[in-house]
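Naming convention: chains lettered A, B, ... in sequence-line order (proteins, then strands); numbering from 1 in each chain. None of these values were measured; they are calculated from a predicted model.
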Protein chains: 2
Amino acid sequence: MTTQTALTIGRVAQSAGVAIDTIRFYEREGLLPEPRRRPSGYREYDSGTVARLRFIRRAKDLGFTLEEVRELLALSADRHGGVEGVRERAAARLHAIEARIAELQRVRDGLAELVEACPGHGAPEDCPILKALAEPGA
Amino acid sequence: MTTQTALTIGRVAQSAGVAIDTIRFYEREGLLPEPRRRPSGYREYDSGTVARLRFIRRAKDLGFTLEEVRELLALSADRHGGVEGVRERAAARLHAIEARIAELQRVRDGLAELVEACPGHGAPEDCPILKALAEPGA
DNA sequence: CTAGACCCTTGATGTAGGTCTAGAGTCAAC
DNA sequence: GTTGACTCTAGACCTACATCAAGGGTCTAG
């Protein structure tokens, strides 16, 4: 699972599909532990780091912030009770995403209505889009 | 429409529902023209500025970036052909919002599935959420 | 006339998540 | 043994949209 081949940061970056700078950034941010070093100072990783980076990427794809990813990583290492926290975080993220979708749908509906009503030519005073933006309301 | 009462920046800010700093920021960014000044250097506005600020706020509420708002303001002043540009920008924004909604819906569906499958207790290896994040695939 | 509210400028700060630069040292292949 | 690719650090920079601070001048009501 975590084979003991020593990888350079460049190889890890390539395997995980992230930039080298991103790996160092995650290390500073506490998402990755400080790795072993060669005498020269070069970082040495094993394939577990690649897996961890993929975990981070997938969590980010699911809309988690790095702060939340940090929590998920801690929870995933907690053999007792961690799963409950993971589910909670995921449910919270789900709700946040649903709220965001609802908000965007409202915006979309308003905008769609205006675009449909606008003929695309004529005087600015007759453009429903501009009229809506200029309206004294709200 | 644009009555000639001289307003201070503070009054404009209050009427339009924005912060004073925001007005100065918009001025720097070219969203508001440079206003007249009193001999003391105080900015002087009329109610047209309040209307313009409300225009900006509503456009932002519709998801336009300030860059796009700048364009909309320019187009709204273009008596010939401006309306076509306005409609184009609005349609483009609409498409972008729809794409964003679709993307978020995909994320939501993936996340909802995981949350439903997770019992909320047990060992980390059995948690579908953690398994999905740890999976070697893409 | 004075206290307190208001306004001025320049420039720094904040978020989130990186990305890039400069200058220097290291590694591996030929 | 040298060339070219790789890595190191510290710290600046990026987007987008403001927001705040410091230090100082102005306005107005009582």
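- Using a distance-only test at 3.5 Å, with no hydrogens or angles considered, no donor-acceptor pair links the side chain of R37(B) to the main chain of Y42(B).
- For CD of E44(B), the number of neighbouring non-hydrogen atoms (other residues, nucleotides, ligands) closer than 6.0 Å is greater than 12.
- Here dC27(C) presents its C1' atom at 16 Å from CZ of R37(A), a figure rounded to the nearest Å.
- The minimum heavy-atom distance linking I129(A) with R87(B) is given by the pair CD1-CA, 4.0 Å.
- Rounding to whole angstrom units, CD of residue E44(A) and P of dC6(D) are separated by 17 Å.
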Side-chain donor-acceptor distances from residues 10-30 of chain B under 3.5 Å, at least two apart:
unit_1: S15(B); atom_1: OG; unit_2: R11(B); atom_2: O; d: 3.0
unit_1: E27(B); atom_1: OE1; unit_2: R43(B); atom_2: NE; d: 2.8

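- Remark: R79(B) engages E125(A) in a salt bridge, criterion side-chain N to carboxylate O under 4.0 Å.
- Between dA18(D) and K60(B), a contact under 4.0 Å exists linking OP1 or OP2 to a side-chain N or O.
- Here dA18(D) presents its C1' atom at 16 Å from CZ of R57(B), a figure rounded to the nearest Å.
- Of the candidate nucleotides dT9(C), dC7(C), dC8(D), dC8(D) has the atom nearest to the side chain of I9(A).
- When every heavy atom of S76(A) is checked against every heavy atom of P124(B), the shortest pair comes out as O-CB, 3.8 Å.
- Between dC8(C) and R43(B), a contact under 4.0 Å exists linking OP1 or OP2 to a side-chain N or O.
- Listed nucleotides dC7(C), dT9(C), dT19(C) differ in distance to T8(B); the shortest reach to its side chain belongs to dC7(C).
- To the nearest angstrom, C1' of dA5(D) lies 11 Å from CD1 of I20(A).
- Nucleotide dC7(C) holds its C1' atom 11 Å from the OH atom of Y45(B), rounded to whole Å.
- The backbone N or O of L31(B) sits nowhere less than 3.5 Å from a side-chain atom of R70(B) that would complete a donor-acceptor pair.
- To the nearest 0.5 angstrom, L111(B) atom CG is 11.0 Å from L104(B) atom CG.
- Only F25(B), Y26(B), R28(B), listed by number, bring a heavy atom of residues 23-31 of chain B to less than 4.0 angstrom from any atom of DNA chain D.
- In this structure, the CG atom of L66(A) is 8 Å from the C1' atom of dA16(C), given to the nearest Å.
- Other residues, nucleotides and ligands contribute over 12 non-hydrogen atoms within 6.0 Å of the CD atom of Q105(B).
- For the pair L53(A) CG and dG17(C) P, the computed distance is 16 Å after rounding to whole Å.
- Between E68(A) atom CD and dG17(C) atom C1' the separation is 14 Å, expressed in whole Å.
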Are there any protein N/O atoms within less than 3.5 Å of an N/O atom in nucleotides 2-4 of chain D, and if so, which ones and at what distance?
none

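- In terms of position along DNA chain D, the nucleotide closest to R11(A) lies nearer the 5' end than the nucleotide closest to the other residue of the pair T22(B) and R11(A).
- Partners of R93(B) according to the side-chain hydrogen bond (donor to acceptor under 3.5 Å, both in side chains) rule, which considers only residues two or more places apart in sequence or in another chain, are E68(B).
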Tell me, for nucleotides 21-30 of chain D in 5' to 3' order, what letter each nucleotide earns: B for a base near a protein heavy atom under 4.0 Å, S for only sugar-phosphate near one, - for neither? ----BBS---
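- The partner of dG30(D) is dC1(C), judged by Watson-Crick or G-U wobble contacts that both fall below 3.5 Å.
- Rounding to the nearest 0.5 Å gives a distance of 10.5 Å between CG of L72(A) and CD1 of I56(A).
- R70(A) has no side-chain polar atom (N or O) that falls below the 4.0 Å cut-off from OP1 or OP2 of dG17(C).
- Pairs passing the salt bridge (charged side-chain N to carboxylate O under 4.0 Å, His left out) check and including a residue from residues 103-123 of chain B, sequence neighbours excluded, read R100(B)-E103(B).
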